[in-house]
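Report on the structure given below.
We count ligands from 1, going down the list as the structure has it; atoms in each ligand are counted the same way. Quick note: numbers below take in every heavy atom, side chains included, and nothing from hydrogens, waters or symmetry partners.
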Amino acid sequence: MTTSEVSDEDFQEILAQTRTFVRTAVVPREQEILTDDRVPDDLREHAKKMGLFGYAIPQEWGGLGLNLAQDVELAMELGYTSLALRSMFGTNNGIAGQVLVGFGTDEQKACWLEPMATGDVVASFALTEPGAGSNPSGLRTKAVRDGSGDDWIINGQKRFITNAPTANLFIVFARTRPADDDGAGIAVFLVPADAPGVVVGTKDAKMGQEGAWTSDVSFDDVRVSASALIGGSEDIGYRAAMISLARGRVHIAALAVGTAQRALDESVAYAATATQGGTPIGNFQLVQAMIADQQTGVLAGRALVRETARAWVSGEDRRIAPSAAKLFCTEMVGQVADLAVQIHGGSGYMREVPVERIYRDVRLLRLYEGTSEIQRLIIGANLVKAAQGDGK
Ligand SMILES: Cc1cc2nc3c(=O)[nH]c(=O)nc-3n(C[C@H](O)[C@H](O)[C@H](O)COP(=O)(O)OP(=O)(O)OC[C@H]3O[C@@H](n4cnc5c(N)ncnc54)[C@H](O)[C@@H]3O)c2cc1C
């Protein structure tokens, strides 16, 4: 893996440690995470010490420096347990962190990336608003220059913001002018959570992923200095969001594969031992067929994720494949989880059984970082555009 800061040998060590952490420390605590709706502090500290808050942040800025091909291998391990674990450091490494890594000035990176990599700072990506989710170019949060100086004043309302209740920093997308021929008119700002006028709403009550928190965030005359404008340019925001989301889609696809593997493992273990009329249900060919479909989905998803990450790292495709991988893998894990509940029969509907949690947890993967419909639109539009000679 020539384009990574991390050698294959070192990476295998990181991967093995992560696998051990997930399977021996987190899997046994899944019920606790679910019931308490929080990742226990000792697991959080463990993840911090392992460098998991900054695995995709370059080493220069204090992170582990994994590239996306390595990131997806790690994500497939993290997907094996409660998705709340990954969510805890997902925004630092992913959607929020990559905006800074890709577009921040050296000063901005030096100020924020190091504490993010250690986990001392949690950063949230604040793009979605009421009426501006699938189509963020319609966002209405406004940033205007203060007439008397270089400061910016931000006003607006964001919703469903992951990690907002624990965030120290918001990466806030705001309109500085109406969209025009030069671009979407959207800039992106670094807004500390303790800035006057930042109001974090109460934690949302969600369908699944207990332990991963979201909430509304509103910005009421929030004043930030010129140095808070990411990249020092008003025209960076929309492109930064799109690139960060495209990269994030490959990661989400990998996470889906990891969870599908877990649902498969739970299903096989159950089918091999649970009996009906004295016969293990796994001996029934219709149950074997369900397991076969699960296994096929996992193998196809894993291959697609690895190929997509390779093409991202080489620069060959950063548009179509990320959407295709997210579309396929998140739909696939939905089917695999559904089959897992079916294989477990009535037990699969019970709270303490892992596949019940998985069934609810994975539903989100088809919604955030672009719904399945939006992925189809991206794939279709880019293919047609290329055929019409518009380039990629
Ligand atoms: C738990 C959770 C965590 C989240 N975390 C974050 C976060 O950290 N930061 C952040 O900024 N956002 C976050 N989001 C927001 C998430 O990205 C959006 O909810 C998602 O993009 C969908 O937008 P929406 O909810 O406005 O739905 P809508 O865009 O209103 O979609 C509703 C339906 O309409 C369809 N649709 C919309 N437009 C089109 C179209 N043009 N063509 C065809 N169909 C269309 C959609 O596919 C969907 O089926 C999170 C959401 C959730 C639920």
- Note on the structure: re atom 52 (C) of ligand 1, the protein heavy-atom contact at minimum distance is L364 CD1, 3.7 Å

- Task: Taking only Lys NZ, Arg NE, NH1 and NH2, and the carboxylate oxygens of Asp or Glu, determine whether R249 and E369 approach each other closer than 4.0 Å.
- Result: no

- Decide whether an N or O pair under 3.5 Å exists between E129 and ligand 1. no

- Task: Before accepting this row, confirm whether a basic side-chain N of the pair E32/R38 lies closer than 4.0 Å to the acidic partner's carboxylate O.
- Result: no

- Do the ring planes of F53 and F89 sit parallel (below 30°), tilted (30 to 60°) or perpendicular (above 60°)? perpendicular

- Evaluate the 4.0 Å heavy atom contact test for atom 25 (O) of ligand 1: does a protein atom fall under the cut-off? yes

- What do you think, any protein heavy atom under 4.0 angstrom from atom 35 (C) of ligand 1? no

- Do any pairs count as a side-chain hydrogen bond (donor to acceptor under 3.5 Å, both in side chains) and have a residue in residues 334-346, sequence neighbours left out, and if so which ones? none

- Item | Protein contact of atom 39 (C) of ligand 1 - nearest heavy atom, named by residue and atom, plus distance | I374 CD1, 4.0 Å

- For atom 21 (O) of ligand 1, which candidate among L139, L127, L367 holds the nearest heavy atom? L367

- Query: Charged N to carboxylate O below 4.0 Å: is that the case for E30 and R262?
  - Reply: yes

- Query: Ion pair present between R29 and D42, side-chain N to carboxylate O less than 4.0 angstrom?
  - Reply: yes

- Any idea which part of T162 is under 4.0 Å from ligand 1, heavy-atom wise: side chain, backbone, both or neither? both

- Query: Taking only heavy atoms of T371, which atoms of ligand 1 are found under 4.0 Å from at least one of them?
  - Reply: 46 (C), 47 (O)

- Item | Pairing residues for F170 by the ring pair (Phe, Tyr, Trp, His ring centres under 6.0 Å) criterion, not counting sequence neighbours | none

- In the protein, which heavy atom is nearest to atom 49 (O) of ligand 1, and how far is it? E373 OE1, 3.4 Å

- Task: Could you check which of F170, F173, F160 puts a non-hydrogen atom nearest to atom 50 (C) of ligand 1?
- Result: F160

- Task: Would you mind checking if D235 and R177 are paired as a salt bridge, meaning a charged N to carboxylate O distance below 4.0 Å?
- Result: yes

- Any ion pair linking R360 and E210 (charged N to carboxylate O, less than 4.0 Å)? yes

- Task: Mark the output for L377 as yes if a heavy-atom distance to ligand 1 is under 4.0 Å, and as no if none is.
- Result: yes

- Task: Just go through A167, G131, G133, S134 and tell me whose heavy atom is the nearest to atom 28 (P) of ligand 1.
- Result: S134

- Could any protein non-hydrogen atom be found less than 4.0 Å from atom 30 (O) of ligand 1? no

- Item | Distance from atom 15 (C) of ligand 1 to nearest protein heavy atom, with residue and atom | T128 OG1, 3.2 Å

- Message: As an exercise, state the distance from OG of S218 to CD of E129, rounded to the nearest 0.5 Å.
- Response: 11.5 Å

- Rounded to the nearest 0.5 Å, what separation is found between the OG1 atom of T18 and the OH atom of Y80? 15.5 Å

- Query: With atoms numbered from 1 as shown, which atoms in ligand 1 lie under 4.0 angstrom from a non-hydrogen atom of E369?
  - Reply: 17 (O)

- Message: Under 4.0 Å from atom 45 (C) of ligand 1, is there at least one protein heavy atom?
- Response: no

- Hey, do the aromatic rings of Y359 and Y349 have their centres closer than 6.0 Å? no

- Which atoms of ligand 1 sit under 4.0 Å from any heavy atom of I161? 7 (C), 8 (O), 9 (N), 10 (C), 11 (O)

- Query: So, for atom 3 (C) of ligand 1, does the protein have a heavy atom nearer than 4.0 Å?
  - Reply: yes

- Query: For atom 9 (N) of ligand 1, what is the nearest protein heavy atom, given as residue, atom name and distance?
  - Reply: F125 O, 2.7 Å

